[in-house]
Amino acid sequence: MKIFNKKFPNIFLNKRKFYTKSSDKTSFFDERIIVEKKSFFREWDSKRSKLAAALSNGISQIGIKEGSVVLYLGASHGYTPSFVSDIIGDSGFVFCVEISPVVARDLVVICEKRKNMTPILASANHPETYKQLVVEADIVYQDIAQKNQVEIFLKNCNAYLKKEGFGLLTIKSRSIDITKKPKMIFKEVMKVLEEKMTVVDYRTLEPHEKDHALFVVKKK
Amino acid sequence: MVDFKKLRINNILLAKKTIREAVCEDDFIINSINNIEDLAKVANVLCKRLRQWYSLYLPEMYNKIGDNEAFVRLVLKKDKNTLMKELKLSETMGSDLSKNNLKPILALASRIDSLYTLRNELKDYLKKIMGVYCKNLLTLAGTVLGAKLIESGGSLKKLALMPSSTIQMLGAEKALFRHLKSGARPPKHGIILQHPLVGGAPKNKKGKAARLLADKLSIAIRTDFFKGEFIGNKLKEELKKRLK
């Protein structure tokens, strides 16, 4: 097990696969767990997680480090949030926002096991509804397949992101407009983001995800 | 410094409460319609097996009785001689099976019969809850189609917010996106083809019938969602008049 890159703390590489250091050896999603020198490493599949896909495509900065407070929009079953909670460690915290009660059942089970995660059942489209349940975050991560996903992201960044905090936005171009080419949509998204934020980096997620991209922005 | 420990415990309790309270009629309807469809599928597969097996005993039944449910009932209720009399057969190609060999066939038939009864019970249950929850939709579309619309729309609320042209296309997503992407011909109807007024219309009138039905369905669903009066019969009559 070796450190993947000095820029990304707590992310490890072993035989071309990502791992994060976990506090216990429970496997929530049937992922492989390697025990090395009395610490547990959970395998992070790039096919299931868009953040891991962006890392393997060589993104230059994600901003998540030990002790960060992360607002995670579109947590779903909690696959990627569980790895984010590994990276930030015990001193950090993840708020997982999810709207569907069906998938949130799995999310609640994971949040009960992990000391630095909490579920929030609310629509990310209306940030004011969970005003009392979250605090200002260092990082806003969004993975929502909606037509107005950029608008939702900007609303949440305005409300909850600290100054000079990082925002990570995954775009599913097919849910914005199916008739346009993904490249054109990514260009338009870039234009909208550049008006209000500084775009640090962006990567398309081929071959792990089709017609997806991940944007990293910094609040001015 | 924010007290994350307290916040976390509070949020977990709140999330559990929200999940508990999110259960509503939509979930009952969606689960029962999915069950009805799967039961019908399983019963059909098993019935095909039963027909093949029973053909060793009385092969003439295979083609004479088309309906699966009736076939199972006949196998269970009547013995070989009465069946031959009813089908007006003087002789049969089937061999006389001993009681020992006939027993598993009848056991399979009784299980399939219980599947059909379960399906009918579920349909009655569905009709009952839909009669309270969405009476207009039930009158206009019928039990199975109404429930299927709610299933593919997600919930009654989502259906009420949809334009009627979207309701017309529900279930034809593949054809619709093919049309949007490559300019192929657009689909005329999705699952509302199952309605007798659309499915029974002549071929060149099917698109018109689907459009009209979707319009009326949209009105009915919105009246249901906003707890309006009962206008199902009126809508149905208007629809029939237009389609004459």
Side-chain angles (χ1 to χ4, degrees), chain A residues 67-72 75 78 81 85 88-123 125 129-138 160 162 173-182 211, chain B residues 1-35 150-163 165-166 169-170 172-187 190:
Chain A
S68 310
V69 177
V70 182
L71 178 64
Y72 195 110
S85 104
I88 59 178
D90 287 336
S91 50
F93 207 77
V94 197
F95 296 97
C96 309
V97 181
E98 172 59 45
I99 187 169
S100 159
V102 179
V103 295
R105 280 182 224 140
D106 292 352
L107 183 64
V108 170
V109 172
I110 292 169
C111 290
E112 281 185 320
K113 288 263 171 68
R114 291 181 165 258
K115 291 267 154 61
N116 58 355
M117 281 173 79
T118 184
I120 293 165
L121 251 94
S123 164
N125 207 351
T129 51
Y130 46 91
K131 199 175 174 184
Q132 274 126 17
L133 308 178
V134 300
V135 296
E136 264 205 334
D138 303 318
Y160 301 118
K162 271 180 193 162
S173 78
R174 287 298 180 215
S175 58
I176 291 182
D177 195 334
I178 196 162
T179 52
K180 282 181 190 160
K181 279 185 178 164
D211 305 330
Chain B
M1 185 62 198
V2 194
D3 190 1
F4 282 125
K5 223 177 182 179
K6 219 174 178 182
L7 200 62
R8 172 174 167 266
I9 290 166
N10 272 347
N11 276 350
I12 286 176
L13 283 179
L14 195 67
K16 277 183 177 173
K17 197 182 154 210
T18 323
I19 292 173
R20 204 181 308 130
E21 281 168 3
V23 177
C24 64
E25 269 92 343
D26 289 320
D27 298 320
F28 305 143
I29 291 171
I30 289 169
N31 276 314
S32 24
I33 187 68
N34 284 340
N35 259 313
I150 291 179
E151 192 243 322
S152 52
S155 69
L156 194 70
K157 187 187 173 188
K158 279 183 191 165
L159 272 183
L161 297 177
M162 276 176 188
S165 52
T166 308
M169 295 288 108
L170 279 179
E173 280 86 358
K174 204 177 162 189
L176 178 67
F177 286 124
R178 198 199 304 130
H179 158 67
L180 288 175
K181 261 184 182 171
S182 63
R185 284 168 67 193

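The model shown is predicted, which means the values in this text are computed figures rather than measured ones. Each chain gets a letter, A, B and so on, in the order the sequences are listed, and its residues count up from 1.
- Side-chain contact of A:T179 with A:D177: a donor-acceptor pair under 3.5 Å is present, judged by distance alone.
- Residue contact with chain B, scored on non-hydrogen atoms closer than 4.5 Å, involves the side chain of A:V69 exclusively.
- B:H179 places no side-chain N or O within 3.5 Å of a backbone atom of B:R185 that could act as its donor or acceptor partner.
- For A:D90, the CG atom counts as loosely surrounded, since its 6.0 Å shell holds 12 or fewer non-hydrogen atoms of other residues, nucleotides or ligands.
- A donor-acceptor contact shorter than 3.5 Å links the side chain of A:S123 to the backbone of A:N125.
- Contact of A:R174 with chain B is made through the side chain alone, with heavy-atom distances under 4.5 Å.
- Heavy atoms closer than 4.5 Å to chain B are found in both the backbone and the side chain of A:I178.
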Report task. List the steps, then state whether side-chain contact (heavy atoms from CB on, under 4.5 Å) holds for A:F95 with A:V135. Result -> CA-CA 9 Å; A:F95 296 97; A:V135 296; 3.7 Å; yes

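- Between A:N116 and B:F4 the shortest side-chain heavy-atom distance does not fall below 4.5 Å.
- Listed options B:I12, B:N10, B:L14 were ranked by heavy-atom pairs under 4.5 angstrom with chain A; first place goes to B:I12.
- Using a cutoff of 4.0 Å between basic side-chain nitrogens and carboxylate oxygens, B:K16 and A:E112 are scored as salt-bridged.
- Heavy-atom pairs under 4.5 Å with chain B were tallied for A:L133, A:L107, A:V108; the largest tally goes to A:L133.
- A ring-centre distance under 6.0 Å is not found for A:F93 and A:Y72.
- Residue B:L180 touches chain A through both its backbone and its side chain, counting heavy-atom pairs closer than 4.5 Å.
- Taken from CE in A:M117 to OG in A:S85, the straight-line distance is 5.5 Å, to the nearest 0.5 Å.
- Ranked by heavy-atom pairs under 4.5 Å with chain A, the list B:K5, B:K181, B:R8 is led by B:R8.
- Looking only at heavy-atom pairs under 4.5 Å with chain B, the residue among A:P101, A:C111, A:P119 that has the most is A:P119.
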Report task. Would you sort out whether A:E98 and A:C96 count as a side-chain contact (heavy atoms from CB on, under 4.5 Å), showing the intermediate values? Result -> CA-CA 6 Å; A:E98 172 59 45; A:C96 309; over 6 Å; no

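- Annotation: residues 17-28 of chain B contacts chain A through B:T18, B:I19, B:A22 [non-hydrogen atoms, separation under 4.5 Å].
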